Amino acid sequence: MKELEGLNIPAHVAIIMDGNGRWAKAKGLPRNYGHMEGAKTVENILEEASNMGIKYLTVYAFSTENWNRPQDEVKALMKLLRTYMKNCIAKSNKNNVRCRVIGDKTRLDEDLQKAIAKLEDATKTNDGMNFTIAINYGGRDEIIRSVKRIASQVKEGTLDPSQITEKILNDNLDTWELPDPDLLVRTCNELRISNFLLWQLAYTEMYFTEVAWPDFSKEELIKAIEAYNHRDRRYGGLTEGK
Ligand code: IPE
Ligand code: IPE
Ligand code: MG
């Protein structure tokens with residue numbers, strides 16, 4: 001892709017897709033219309049990111065805190081997710097994309113759980129981009145679920161507390177198969193993490209834009225990658241030669 005020539009493409013891009021509601025409100029439309037437009041943006045960015053050679057794309061679709069929204073909005077979001085899981089099969093297979101869902105799936109309606117299993121299964125042999133959708137996901141909840149798994153191993157006597165390492169905690173997270181994100185993008189001018197990938201974002205570069213999610217495009221993603229290329233990534237040490 002010409003616009004990306006000479007740029008270092010981050011291996012893992014995570015996105016907090018925010019601003020669907022405000023985008024719709026600014027147009028005098030219902031919030032749920034914003035969510036519908038936002039779903040179209042996900043499909044577009046999935047394809048663009050895959051074409052750009054991004055290896056992992058992870059998006060925040062529904063947080064553990066989003067249950068606190070009005071019932072009709074939660075219902076509309078769940079309905080949209082159900083449809084999205086179906087559409088995503090064709091889109092992913094066309095682009096050789098493997099899909100995974102992270103978050104506590106047990107609280108989701110059974111038919112949505114089935115749709116998720118179907119999507120994951122239908123795309124599991126694709127070896128292009130890894131696309132991960134966070135649904136009923138909370139970073140704190142994910143860490144607690146990891147700790148519970150580790151605690152049961154301790155209780156069974158298969159693990160000694162002195163053997164618990166960062167790797168063991170990491171290996172018990174929903175994201176155990178994924179590298180940590182290199183770049184986090186949040187749209188619509190909010191400068192917070194909102195309980196997304198708390199453990200995994202320890203050394204991630206952050207990029208915030210005023211653009212609302214339904215308006216996010218390939219061009220905006222390129223801007224984020226350009227900004228990432230101007231960062232001096234450090235991990236507590238010093239950059240070589242600086
Ligand atoms: C992001 O848009 C989508 C979800 C969180 C499900 P919002 O619905 O948060 O939109 P704003 O932030 O209210 O504009
Ligand atoms: C974060 O957005 C969750 C998702 C994008 C799914 P929110 O809009 O829910 O976050 P807050 O409430 O503004 O922090
Ligand atoms: Mg929001």
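Numbering of residues begins at 1 and proceeds along the displayed sequence. Values in this document were obtained by computation on a predicted structure and should not be read as measured data.
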Quiz prompt | From CD1 (Ile116) to SG (Cys88), nearest 0.5 Å | solution = 11.0 Å
Quiz item: Considering all heavy atoms of both residues, which atom of Ile150 and which atom of Leu169 are nearest to each other, and what is their separation?
Solution: CD1-CA, 3.7 Å
Self-check item: Asp121 and Lys124 ion-paired at < 4.0 Å
Solution: yes
Quiz item: Is it true that Arg98 and Glu120 have a side-chain N and a carboxylate O under 4.0 angstrom from each other?
Solution: no
Exercise. For the residue pair Ser194 and Arg186, establish whether any side-chain heavy-atom pair is separated by less than 4.5 Å.
Key: yes
Quiz item: Quick one: are Thr58 and Thr175 in side-chain contact, heavy atoms under 4.5 Å?
Solution: no
Self-check item: Derivation of the side-chain contact (heavy atoms from CB on, under 4.5 Å) call for Glu110 and Lys114
Solution: CA-CA 6 Å; Glu110 214 168 290; Lys114 277 193 187 138; 4.0 Å; yes
Quiz item: Would you say the side-chain atoms of Arg234 and Tyr203 include a donor-acceptor pair closer than 3.5 Å?
Solution: no
Quiz prompt | Where Ile9 and Ile225 come nearest, the two heavy atoms and their spacing | solution = CD1-CG2, 4.3 Å
Quiz item: Hey, is the main chain of Asn8 close enough, under 3.5 Å, to the side chain of Asn229 for a donor-acceptor pair?
Solution: yes
Quiz item: Can Ile135 be reached from Leu80 by stepping across I, L, V, M, F, W or Y side chains whose heavy atoms are under 4.5 Å apart?
Solution: no
Quiz prompt | Lys27 to Trp23 six-membered ring, cation-pi geometry met (6.0 Å, 45°) | solution = yes
Quiz prompt | Shortest non-hydrogen separation from Leu201 to Pro181 and the atoms involved | solution = CD2-CG, 3.9 Å
Quiz item: Within the distance-only criterion (no hydrogens, no angle test), does the side chain of Thr158 pair as donor or acceptor with the backbone N or O of Val154 below 3.5 angstrom?
Solution: no
Self-check item: Heavy-atom closest pair, residues Ala224 and Leu183
Solution: O-CD2, 4.0 Å
Practice problem: Report the C-alpha distance between Lys223 and Glu220 in whole Å, list the side-chain angles of each, state the deciding distance to 0.1 Å, and finish with yes or no for salt bridge (Lys or Arg N to Asp or Glu O under 4.0 Å). | Solution: CA-CA 5 Å; Lys223 278 190 214 166; Glu220 296 302 327; 3.2 Å; yes
Practice problem: List the steps and the verdict of side-chain contact (heavy atoms from CB on, under 4.5 Å) for Leu57 and Thr132. | Solution: CA-CA 6 Å; Leu57 177 71; Thr132 304; over 6 Å; no
Exercise. Could you check if a side-chain atom of Leu198 sits within less than 4.5 angstrom of a side-chain atom of Ile193, using non-hydrogen atoms only?
Key: yes
Exercise. Answer yes or no: is there an ion pair linking Lys40 with Glu43, defined by an N-O contact shorter than 4.0 Å?
Key: no
Practice problem: Mind checking the CG-OG1 spacing from Asn93 to Thr125? Nearest 0.5 Å is all I need. | Solution: 7.5 Å
Practice problem: Apply side-chain hydrogen bond (donor to acceptor under 3.5 Å, both in side chains) to the pair Asp180 and Trp199, showing each step before the final yes or no. | Solution: CA-CA 9 Å; Asp180 287 345; Trp199 171 275; 5.3 Å; no
Quiz item: Once you round to the nearest 0.5 Å, how far does CG of Asn189 lie from CD of Glu210?
Solution: 4.5 Å
Quiz item: Regarding Arg22 and the six-membered ring of Trp213, is the cationic atom NZ or CZ under 6.0 Å from the ring centre and inside 45° of its axis?
Solution: no
Exercise. Determine, step by step, whether Gln153 and Gln163 satisfy the side-chain hydrogen bond (donor to acceptor under 3.5 Å, both in side chains) criterion, reporting the C-alpha distance in whole Å, the side-chain angles of both residues, the deciding distance to 0.1 Å, and the verdict.
Key: CA-CA 11 Å; Gln153 291 175 40; Gln163 295 171 310; over 6 Å; no
Quiz item: When you measure from the side chain of Asn126 to the backbone N and O of Gly128, does any donor-acceptor pair fall under 3.5 Å?
Solution: no
Practice problem: Give the intermediate values and the outcome of side-chain contact (heavy atoms from CB on, under 4.5 Å) for residues Glu166 and Asn170. | Solution: CA-CA 6 Å; Glu166 287 188 11; Asn170 198 63; 5.9 Å; no
Quiz item: Would you say the side-chain atoms of Tyr235 and Arg233 include a donor-acceptor pair closer than 3.5 Å?
Solution: yes
Self-check item: Cluster check Met17, Tyr137: I/L/V/M/F/W/Y, side chain < 4.5 angstrom
Solution: no
Self-check item: From Val59, Ile54, Val185, Ile15, residue fulfilling side chain to side chain contact (heavy atoms under 4.5 Å, CB included) relative to Ile45
Solution: Ile15
Quiz prompt | Donor-acceptor pair, side chain of Asp18 and main chain of Cys188, under 3.5 angstrom | solution = no
Exercise. Assess whether atom CZ of Arg231 is packed by more than 12 heavy atoms of other residues, nucleotides or ligands within 6.0 Å.
Key: yes
Quiz prompt | Value rounded to 0.5 Å, distance of CZ in Arg145 from NZ in Lys148 | solution = 9.0 Å
Exercise. Give a yes or no on whether a salt bridge exists between Glu3 and Lys218, defined as a side-chain N under 4.0 angstrom from a carboxylate O.
Key: yes
Quiz item: Between Phe196 and Ala14, what is the shortest heavy-atom contact and its length?
Solution: CE2-CB, 4.0 Å
Quiz item: Do Leu112 and Leu77 share a hydrophobic cluster, counting only Ile, Leu, Val, Met, Phe, Trp and Tyr and linking them when any side-chain heavy atoms are less than 4.5 Å apart?
Solution: yes
Quiz item: Applying the 4.5 Å side-chain criterion to the ILVMFWY set and letting contacts propagate, would Tyr207 and Leu184 be lumped into a single cluster?
Solution: no
Exercise. On the 0 to 90° scale, with breaks at 30° and 60°, tag the His12-Tyr56 ring pair as parallel, tilted or perpendicular.
Key: tilted
Practice problem: Considering only NZ, NE, NH1 and NH2 on the basic side and carboxylate oxygens on the acidic side, decide whether Asp174 and Arg100 come within less than 4.0 Å. | Solution: no
Quiz item: Does Lys105 NZ have over 12 foreign heavy atoms under 6.0 Å away?
Solution: yes
Self-check item: For the student: nearest non-hydrogen atoms of Tyr60 and Gly138, plus distance
Solution: OH-CA, 4.4 Å
Quiz item: Side chains of Asn66 and Ser63: is there a donor and an acceptor less than 3.5 Å apart?
Solution: yes
Practice problem: Apply the test side-chain contact (heavy atoms from CB on, under 4.5 Å) to residues Glu205 and Asp182: give CA-CA distance (whole Å), side-chain angles for both, the deciding distance (0.1 Å), then the verdict. | Solution: CA-CA 6 Å; Glu205 297 293 334; Asp182 299 289; over 6 Å; no
Quiz item: Quick one: does Ser92's side chain have a donor or acceptor within less than 3.5 Å of a partner on Ile89's backbone?
Solution: no
Quiz item: Taking side chain as C-beta onward, heavy atoms only, is Met129 less than 4.5 Å from Asn95?
Solution: no
Exercise. Answer with yes or no whether the hydrophobic clustering places Val101 together with Leu173; edges join I, L, V, M, F, W, Y residues whose side-chain heavy atoms lie under 4.5 Å apart.
Key: no
Practice problem: Would you indicate whether the side-chain heavy atoms of Thr64 and Asn195 approach each other to under 4.5 Å? | Solution: yes
Self-check item: From CD (Glu47) to CZ (Phe131), nearest 0.5 Å
Solution: 12.0 Å
Quiz item: Does the side chain of Arg82 come within less than 4.5 Å of Asp109's, by heavy atoms?
Solution: yes
Self-check item: Test item: Ile102 and Leu197 side chains (from C-beta on) under 4.5 Å apart, heavy atoms
Solution: yes
Quiz item: How many angstroms lie between atom CE of Met78 and atom OH of Tyr84, to the nearest 0.5 angstrom?
Solution: 15.5 Å
Quiz prompt | Within-4.5 Å side-chain heavy-atom neighbours: Met1 and Met52 | solution = yes
Practice problem: Spell out, as yes or no, whether a donor-acceptor pair under 3.5 Å connects the side chain of Thr123 to the backbone of Leu119. | Solution: yes
